[in-house]
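The first residue of the sequence shown is numbered 1, and numbering continues consecutively from there.
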Amino acid sequence: MIFFGGDYNPDQWPPDVWREDVARMRSAGVNLVTVGVFSWSRLQPAEDRFDFGWLDEVLDLLHGNGIGVCLATPTASPPPWFTRAHPDAMPVTAAGVRLTHGSRDTYCVNAPAYRAASDRIAGELGQRYGRHPALRLWHVHNEYGTPCYCDHCALGFRRWLLRAYGETALLNEAWSTDFWSQRYGSFDEVLPPRATQYLSNPAHVLDYRRFVSDAMLAHFVAQRDILRPSGVPVTTNFVLGGWVPVDHARWAREVDVVAVDDYPASVESHLAERAFTADLARGWAGGEPWILMEHAPGAVRTLDGVTRVLPDGQARAAVETYLAGGASGVMYFQWRAGRGGAEQWHPAMMPMHSEMAEIGASLTERSPLRIGAKRALIYDEPSLWAWQSPHLPTPFVDYHGTALRWHAALGDPVDVVPLGAPLDAYEVVVAPLLHMVSAADHKALRSYVAEGGTLVLTFGSGLTDEHCRMTAGAFDDLLGLRVVRHRPGEGGVWLDEAEPAGASVVLSVEGRPVVTEHRYGQGLVRYLAADVEELTAWPR
């Protein structure tokens, strides 16, 4: 079965509208709706009072009409009574500004009061609805990604560093703190990477991003474990984007099913972007089926901030793209647009009822596909983070955009997998812009090639270890060349000047090697020293 439906917010509408909604859902083939994502202030109107009567009625109504429920914990948006009682649980920016209530995601994931309140509401929901016949899936929180730099985070960060390094001597070595007199005498001296006079230490920033990811994961795991006795699968929806401080490959090991939200930024390339997301989600899921938890029905919001309607037939084409990538559910945000609020102009399923009904009808007899790919693209979110650092010699390296181009060049089917994933099953692996590579990952890549694999690497690979410490020449033996220097190339993009030392030059420009090949063990390594417009020839 393929899940089909979307976010449903009955608390924004009177009960007579609920019955109309459910009737129209049935006629559209909807079999799953996500309920309660932003309902905390309705479910718990005061610290000592809960109100589940309306939700009881909604779940019973949905079940009576054969519609399953993906029930959310509402912890992404604490109610006003909570933030008033616990102002220290509000997020603080890197510049030291404490944000106020009035939007979503107004919380610090490390504030003890917020963690306790989150566990409490999750426990109440689990106890009341864990055996409800409509329940198909638990949806914890929503789109984890809100960073904070407050004193609660400072304390949590120090504890995280103590577990990671054990002693300040190892921390100082990893962070290269002798530069600019940053050497720490104790963990108590370490702060979050708050706003400072000039450039921050890139290793400090990177570890803080890892800490934020782990702190949010701990928040998810606590609620997951509260809900697990119900026997119903537990997940959360991964939100994609370079701003997100979440290592989704690590998180994927903790969810019962991988679920992602996808909002492409271009009408012209939206299907290519969706295909990449599908393969990325399947890679995080280890090849298992995954769920598209949110996408916009029939529209995309482009980079200029304009919501643009897709041409006729493209909503159906989007669904087929996700299914071709192994999706077991295709869900939308949202069923019915709100009458008010900051997302009242967000596209919804209701105005497209006839088109939605055609899509729903087409899914009734289908099952998730299993994809068997022989080619893989490595997508490493920590390397993406590293490329965002302002201390680099050029700001024009687009990690995500480059990954999209390579994904298109590889063709279908292709798996998008995290660094460290098993590679034995693949004939060709492309790893573009692999900025940070640990000793273990160096070993794994060499082993893959030595045993007969074909590996494609690009400029800007193996620049540093996992702590942003330079590892000059780390890939030279594998590539069969010597990288002489790194400099901006055409358009300011990174360029490696290289001298072959055993590698064959297969493409050069003005006498400079641009593409080389090198036999290593039983395999082959192809290397692109510069950004090349046409990529399809190189992952063969």
Could you walk me through whether Arg210 and Glu466 satisfy the salt bridge (charged side-chain N to carboxylate O under 4.0 Å, His left out) test, starting with their C-alpha distance in whole Å, then the side-chain angles of each, then the deciding distance to 0.1 Å, before giving a yes or no?
CA-CA 11 Å; Arg210 289 170 171 146; Glu466 66 272 31; over 6 Å; no
Kindly say whether the aromatic ring centers of Tyr107 and His141 come within a distance under 6.0 Å.
yes
Plane angle bin for His407 and Phe276 - parallel if under 30°, tilted between 30 and 60°, otherwise perpendicular:
perpendicular
Between Ser266 and His270, is there a donor-acceptor pair closer than 3.5 Å when you use the side chain of the first and the backbone of the second?
no
Would one find more than 12 heavy atoms of other residues, nucleotides or ligands at under 6.0 Å from atom CZ of Arg84?
no
Taking the ring of Tyr114 and the ring of His86, is the distance between their centroids below 6.0 Å?
no
Can you find a pair of side-chain heavy atoms, one from His248 and one from Glu381, that are under 4.5 Å apart?
yes
Looking at residues at least two apart in the chain, or sitting in another chain, which of them share a side chain to side chain donor-acceptor pair (under 3.5 Å) with Arg98?
none
Pair Trp385 and Tyr399, ring centroids less than 6.0 Å apart
no
Flag for His132-Asp60: side-chain donor and acceptor within less than 3.5 Å
yes
Counting heavy atoms not belonging to Asp16, are there more than 12 under 6.0 Å from its CG?
yes
Where do Asp415 and Lys374 land on the salt bridge (charged side-chain N to carboxylate O under 4.0 Å, His left out) test, with the steps shown first?
CA-CA 8 Å; Asp415 288 346; Lys374 290 298 183 182; over 6 Å; no
Do any N or O atoms from the side chain of Ser230 and from the backbone of Leu227 form a donor-acceptor pair under 3.5 angstrom?
yes
Salt bridge Arg209-Asp247, side-chain N to carboxylate O under 4.0 Å
no
May I ask you to test the Asp21-Trp335 pair for a side-chain heavy-atom distance under 4.5 Å?
yes
His295/Asp261 under side chain to side chain donor-acceptor pair (under 3.5 Å): CA gap, chis, key distance, verdict:
CA-CA 6 Å; His295 76 299; Asp261 295 353; over 6 Å; no
State whether Asp151 and Arg194 are salt-bridged, where the test is any N-O pair (Lys NZ or Arg NE/NH1/NH2 against Asp/Glu carboxylate O) under 4.0 Å.
yes
When you measure from the side chain of Thr321 to the backbone N and O of Ala317, does any donor-acceptor pair fall under 3.5 Å?
yes
Should Arg228 and Asp256 count as an ion pair when the cut-off is N to O under 4.0 Å?
yes
Looking at Gln344, I'd like to know if its CD atom is crowded, meaning that more than 12 non-hydrogen atoms belonging to other residues, nucleotides or ligands lie closer than 6.0 Å.
yes
Is any NZ, NE, NH1 or NH2 atom of the basic residue among Asp51 and Arg42 found under 4.0 Å from an Asp or Glu carboxylate oxygen of the other?
no
Can you tell me if His101 and Thr83 form a side-chain donor-acceptor pair at under 3.5 Å?
yes
Main-chain N/O of Gly401 paired with Asp398 side-chain donor or acceptor, under 3.5 Å:
yes
Counting only heavy atoms not in Gln127, do more than 12 sit closer than 6.0 Å to its CD atom?
no
Please determine whether side chain to side chain donor-acceptor pair (under 3.5 Å) holds for the pair Arg104 and Ser77, giving the CA-CA distance in whole Å, both sets of side-chain angles, and the decisive distance to 0.1 Å.
CA-CA 5 Å; Arg104 57 188 272 183; Ser77 200; over 6 Å; no
Result for side-chain contact (heavy atoms from CB on, under 4.5 Å) between Leu32 and one of Met25, Arg136, Met1 points to Arg136
Is Arg336 positioned over the aromatic face of Trp13, cation under 6.0 angstrom from the ring centre and no more than 45 degrees off axis?
yes
Return the minimal non-hydrogen interatomic distance between Val430 and Pro539, and the atom names on each side.
CG2-CB, 3.8 Å
Could you go step by step and tell me if Arg115 and Gln223 meet the side chain to side chain donor-acceptor pair (under 3.5 Å) rule?
CA-CA 10 Å; Arg115 290 290 298 272; Gln223 291 189 58; over 6 Å; no
Is it the case that the side chain of Arg282 and the backbone of Gly326 share a donor-acceptor pair, with hydrogens and angles ignored and the cut-off at 3.5 Å?
no
Closest non-hydrogen contact found for Arg375 with Pro413 is NH2-O, 3.6 Å
Who passes salt bridge (charged side-chain N to carboxylate O under 4.0 Å, His left out) against Glu124, sequence neighbours left out?
none
State, without any angle test, whether Trp138 and Thr235 hold a side-chain donor-acceptor pair at a distance under 3.5 Å.
no
Aromatic plane relationship, Trp251 with Phe238 - under 30° parallel, 30 to 60° tilted, over 60° perpendicular:
perpendicular
Which residues pass the side chain to side chain donor-acceptor pair (under 3.5 Å) test with His400, sequence neighbours left out?
Tyr379
Can any side-chain N or O of Glu288 pair as donor or acceptor with the backbone N or O of Val257 at less than 3.5 Å?
no
Does this structure show an ion pair linking Arg308 with Glu268, if we count only N-O contacts that are shorter than 4.0 Å?
no
Is there a donor-acceptor pair under 3.5 Å between the side chain of Gln388 and the backbone N or O of Gly242?
yes
Looking only at the aromatic ring of each residue, does the gap between the centers of Tyr149 and Tyr208 stay below 6.0 angstrom?
yes
For His219 and Tyr144, what are the C-alpha separation, side-chain angles and deciding distance, and is it a ring-ring contact (aromatic ring centres under 6.0 Å, His included)?
CA-CA 10 Å; His219 180 263; Tyr144 278 95; 5.6 Å; yes
Basic-acidic side-chain contact under 4.0 Å: Arg224, Glu254:
yes
